[in-house]
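One structure is given here, and the rest of the page talks about it.
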Amino acid sequence: MEYNFTTIEQKWQNFWRENKSYQIDINTEKPKYYVLDMFPYPSGAGLHVGHPLGYIASDIYSRFKRQKGFNVLHPMGYDAYGLPAEQYAIQTGQHPAITTERNIKRYREQLDKIGFSFDWNREVQTCDPSYYKWTQWTFIQLFNHYFDNELQKAQPINRLIKIFEKSGNEGLNIACDPVDTFSANQWNNMAEQQQQTILMNYRLAYLSETMVNWCPKLGTVLANDEVKEGFSVRGGHLVEKKKMQQWLLRITAYSERLLNGLDHVDWSESLKEIQRNWIGRSEGATIFFPVKNHNLSLEVFTTRPDTIFGSTFMVVAPEHEYTNQITTPEYAQKIKEYVTMARNRSERERMAEVKTVSGQFTGAYCQHPFSKNPIPVYVADYVLAGYGTGAIMAVPAHDSRDYAFAKYFNLPITEVVSGGNIAYESYDAKTGKMINSDFLDGLEVEDAIPKVINRLEDKGIGSRRINFRLRDAIFSRQRYWGEPFPVYYKNNIPHMLDESKLPLELPEVDKYLPTESGEPPLARATNWETDEGYPLETNTMPGFAGSSAYYLRYMDPHNDSELVSPKAIQYWQDVDLYIGGAEHATGHLIYSRFWNKFLFDIGVSVKEEPFKKLINQGMIQGRSNFVYRVKGTNTYVSKGLRKEYDTMTIHVDVNIVSNDILDIDAFKKWNPEYKDAEFILEDQKYHCGWEIEKMSKSFHNVVNPDDLIQKYGADTLRLYEMFLGPLEYAKPWDTNGIEGVFRFIRKLWRLYHNANNEFEVGDGQPTPDELKVLHKTIKKITEDIEKFSFNTAVSAFMICINELTELKCNKQEILSPLAILISPFAPHIAEELWHLLGNNKSIVEENYPVYKEEYIAEEMDLYPVSFNGKTRFKVEIAAGATSKEVEETVLKMDEAQKWLQGKTPRKVIIVPKKIVNIVV
RNA sequence: GCCCGGGUGGCGGAAUUGGUAGACGCGCUGGUCUCAAACACCAGUGAUAGCAAUAUCGUGCCGGUUCGAUCCCGGCCCCGGGUACCA
């Protein structure tokens, strides 16, 4: 073999490990650069070719930045808590830590083979007590802080207690759940238990009885981002609503900052949009509608206060706290039936029946705040308890849902904004003149809104309000394999453990299942209590707990006394480049931004946003292959002939198919079922069908990087993954193309070797042509890396090697910089060539080559000449010629005369160095 | 429904402050080497017509702006992702 990649790659991986080539430390002499990959959950299936895509891109960038003179932090670790290991533990009784450790080992072996420049000295694992100590520590800080809306900043809870002691809670602008007002005197006379209950409404980590997403199959609650269309994202199990006492994080306090922060990060527009939608800011007003014959008012939120005169009925959610209070005896039974029906309908059913109108009149009436007219109050499940105030003023003329409801129940529809035709449909647009609206008549919508809000505020019956869709994050899980809460209960009041007791380690249990009484698995642990005998919290933390600040821990991973030292955070600051999947848009990427903002408020982190630039690598899709079985037989017909038979399509392992041609012997051995299979061939071959699908075991289209490395080497794999297409695009994996990259690697090798595979590089003077090839490649590669266009960079390398081969160039002055140039992409072969060139230091220490314009300058410019926009011929003209000279040269040419056919050109357009266009 | 992306050869893709459409690679066809194969190398390869030079068409569809449009504008179709009785 001319280039023995197996031996050579192994040799340099050992060298890098032994020489600690990738171990870095704070170095104030150099500018820092932090390149982070989203750390993986180590699943039992190992890595497939889709996983390393982002890691390869970030590795190329890290190596490049390092060679450009930066001190690059490029760590890797494991998001080690997760459901699969626990589900496996439930089935087999094996401790999830054992499964996890085994999977991590496998991941590490696979990662090592690809030749990454990770500083493994900084590895973190979220399930490691020395790591989750700081997850627990942060939770304690969240518990001990509240959010001041005025300052837009977290503050110590002790400060709030002092305020309460001095002046009670009246007039405070603090993120909290609804709390009755109390005076300083009242506060000071409260029992501790009562004080603690009140404080719970203000804490950033708090315990609350709320509606949660309960997944019976997983036996746990889930956060909103873990539920999609009524099913759990992990596992796809049904999720229902249930009222439970849970820990929550008051992420909603940070809504405004989470939204504004998006304007200051370099992320894709689509990802930022997803987050903006998820946060869901809407401006409007809350308005109080007094309920007739009751001493209470219904508070509604609306973004269209201008349409208040068009409000002809009210709707409250079935779960609304006033539903029972205001219902008249006459309607009590019907309301009870409706609420029960609505409650029993699963989320899934509600979604499926979106178009169906349902609701029930309560018998109660509100009084319109301006017209004083009575307005009927309905209960309907198209109003959600969890959004706004759980009640609306319905304006059927200008809201399509209210319109459908009004039509169904035959309620009046009053037009208040002109511009639509309400006989046919509601007019929802925010433009038009106000009509039928008393003091608003004649105004444009945009002017009516502030006017009506001012009037509401003057009368004290409403106010301007900004509402967010974002909900507080449910932070408890009724599972075993997660971080224990540093919490114990004393008289049912939760208390935080003293920091000296951290980490609170996960206890052993006999089974990984809930107890008979339905408590979480931790309740099975013996002595699950403090030294003083107080019971410890039995819930564990969710998956996003451990991943919310791991990027900070990498900066100072062995620090036992702080999450991160001021020295480390001052130097490393934040993540400059973060690469990972877009599936974390509404989970991890929101939570960690929130988490970081909190840590910023309490002085731990130093940047408001943790991830300066973020790139979502596209998903690698699978390319499945099919065979066609003639129904009822064991005969398989080639794709082109399948129409002549009645066939069924069967997935076949892509690893026994090459260029869509089936390896028949391998197929027979693949599964005993096919041992005696017979085939109907086309030109002696069995042609398979193909389709792009998700890469999955069940489709038999999974490609393992280990197999490819064994066959082609890691450098080839790295290059091919990049060559597939733009980093951010979803693209199908087709192993067939890898041969082209493999050929390129061997061609690169041959450039430095003679026909006998002996290293042979001369020290002759490079020709201008050779220098030009080198320097235009340096220019192109540098530009491409900086814009993360790795696929075009690989093409540029191929062109470069093709041209140097053509020139038979084997000169050291060209081949030396070339080795450095390619080293971020193909580090093994580059390192080998570098040492063959006589260097002793590792190539990773070298400076990246810089191109020189003088070598690239062209003497001649090639002009395509077109007539009426159609290119007809090309002409070379000396560089630097004026437009006039170009015009004269071109018009004098025979070919030009041929196309002119004796006519005089009407106009000649000359774009210097680009094109000549002659208009006839 | 709404919000983001994206539609270019047989395939992955390249080229945009509007200037030679299809770089590079795969596949395919033919050839050199070989007893044969593998490897390697050479030539061709958007479609149509033609022996050929060449011509016409061609970047999802329809229209517009322009000397010139894959790129800009208007209207539509399709695919992918996000989100949803969010008031």
Side-chain angles (χ1 to χ4, degrees), chain A residues 1-2 228-229 268-278 280-282 284 300-304 307 315 350-351 353-357 380-384 386-395 398-402 404-405 428 467-471 582-583 585-586 616 618-619 621 623 659-660 690 692 719-720 723-726 728-741 743-744 746-747 750 789 791-800 802 862-874 905-920:
Chain A
M1 196 191 296
E2 51 176 349
K228 208 178 150 187
E229 289 172 3
S268 76
E269 217 32 63
S270 72
L271 188 64
K272 289 200 269 190
E273 270 310 301
I274 291 171
Q275 291 217 343
R276 286 191 188 110
N277 292 338
W278 190 260
R281 183 183 194 271
S282 51
V300 302
F301 172 72
T302 178
T303 55
R304 294 295 301 275
T307 62
V315 185
R350 279 186 66 160
M351 284 174 192
E353 292 168 23
V354 160
K355 295 280 171 276
T356 332
V357 177
D381 67 359
Y382 83 90
V383 173
L384 306 177
Y387 183 77
T389 61
I392 61 157
M393 61 171 212
V395 183
H398 305 289
D399 181 291
S400 57
R401 296 152 303 180
D402 298 343
F405 195 86
D428 297 15
N467 200 43
F468 291 93
R469 201 184 78 100
L470 188 69
R471 300 270 70 95
E583 67 273 18
T586 54
N616 292 124
M619 216 206 338
Q621 299 151 306
R623 187 181 186 279
N659 286 319
D660 295 334
W690 63 273
I692 304 303
L719 284 166
Y720 187 55
F723 188 60
L724 278 180
E728 284 138 297
Y729 286 22
K731 46 208 175 278
W733 179 269
D734 184 0
T735 302
N736 291 313
I738 202 170
E739 298 276 355
V741 174
R743 258 172 228 143
F744 160 77
R746 283 176 297 173
K747 233 171 150 178
R750 281 204 298 273
S789 180
N791 56 326
T792 52
V794 177
S795 297
F797 276 124
M798 288 174 168
I799 293 167
C800 172
N802 287 346
L862 185 68
Y863 282 90
V865 180
S866 56
F867 291 80
N868 294 334
K870 282 194 170 113
T871 306
R872 297 300 181 182
F873 62 91
K874 288 154 199 168
R906 272 204 299 165
K907 196 175 177 187
V908 180
I909 291 137
I910 289 156
V911 183
K913 291 179 185 294
K914 293 269 186 185
I915 200 169
V916 177
N917 189 25
I918 297 164
V919 187
V920 186

Would you tabulate the pairs of protein nitrogen or oxygen atoms and nucleotide nitrogen or oxygen atoms of nucleotides 78-84 of chain B closer than 3.5 angstrom?
residue, atom, partner, partner atom, Å
B:rG82, OP1, A:Lys228, NZ, 3.3

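- Scored by the side-chain hydrogen bond (donor to acceptor under 3.5 Å, both in side chains) test, A:Ser866 finds A:Asn917 as partners (sequence neighbours excluded).
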Name the pairs: protein N/O against N/O of nucleotides 26-28 of chain B, kept only if under 3.5 Å.
residue, atom, partner, partner atom, Å
B:rC26, OP1, A:Arg743, NH1, 2.3

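- A search for salt bridge (Lys or Arg N to Asp or Glu O under 4.0 Å) contacts involving A:Glu583 returns nothing, not counting sequence neighbours.
- In this structure A:Arg401 satisfies the salt bridge (Lys or Arg N to Asp or Glu O under 4.0 Å) test together with A:Asp399, sequence neighbours excluded.
- The side-chain contact (heavy atoms from CB on, under 4.5 Å) check on A:Ala793 picks up A:Ile781, A:Asp784, A:Phe825, with sequence neighbours excluded.
- Among the atoms of the strands shown, only primed sugar atoms or phosphate atoms (P, OP1, OP2) are found under 4.0 Å from some heavy atom of A:Arg750.
- In the set B:rU20, B:rA87, B:rG12, B:rG12 carries the atom at the smallest distance from any side-chain atom of A:Phe723.
- At a threshold of 4.0 angstrom between heavy atoms, the contacts of A:Ile799 are confined to the sugar-phosphate backbone, with no base atom among them.
- Of the candidates B:rA87, B:rC24, B:rC67, the closest approach to any side-chain atom of A:Val919 belongs to B:rC67.
- For A:Lys747, the listed nucleotide lying nearest its side chain is B:rC41; candidates were B:rC41, B:rA87, B:rU20.
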**OP:** Go ahead and write out RNA chain B as dot-bracket, 5' to 3': ( ) for pairs within the strand, [ ] for ones crossing earlier pairs, | when the partner sits on another strand, dots for unpaired; Watson-Crick or G-U wobble, both distances under 3.5 Å.
**Re:** (((((((..(((......[....)))((((((.......))))))((((....))))..(((((..]....))))))))))))....
Between the protein and nucleotides 14-17 of chain B, list the N/O to N/O atom pairs that are separated by less than 3.5 angstrom.
residue, atom, partner, partner atom, Å
B:rA14, OP1, A:Asn791, ND2, 2.9

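- For A:Ser282, the side-chain contact (heavy atoms from CB on, under 4.5 Å) test picks out A:Phe301, A:Thr303, A:Tyr387, A:Asn467, with sequence neighbours left out.
- Legend: residues meeting side-chain hydrogen bond (donor to acceptor under 3.5 Å, both in side chains) with A:Ser400, ordered by chain and number and at least two apart, are absent.
- Checked against side-chain contact (heavy atoms from CB on, under 4.5 Å), A:Ala585 has the following partners two or more places apart in sequence or in another chain: A:Leu271, A:Ile274.
- Distance from the side chain of A:Pro864 is smallest to B:rU20 among B:rU20, B:rA87, B:rG19.
- Qualifying salt bridge (Lys or Arg N to Asp or Glu O under 4.0 Å) partners for A:Arg276, counting only residues two or more places apart in sequence or in other chains: A:Asp263, A:Glu269, A:Glu273.
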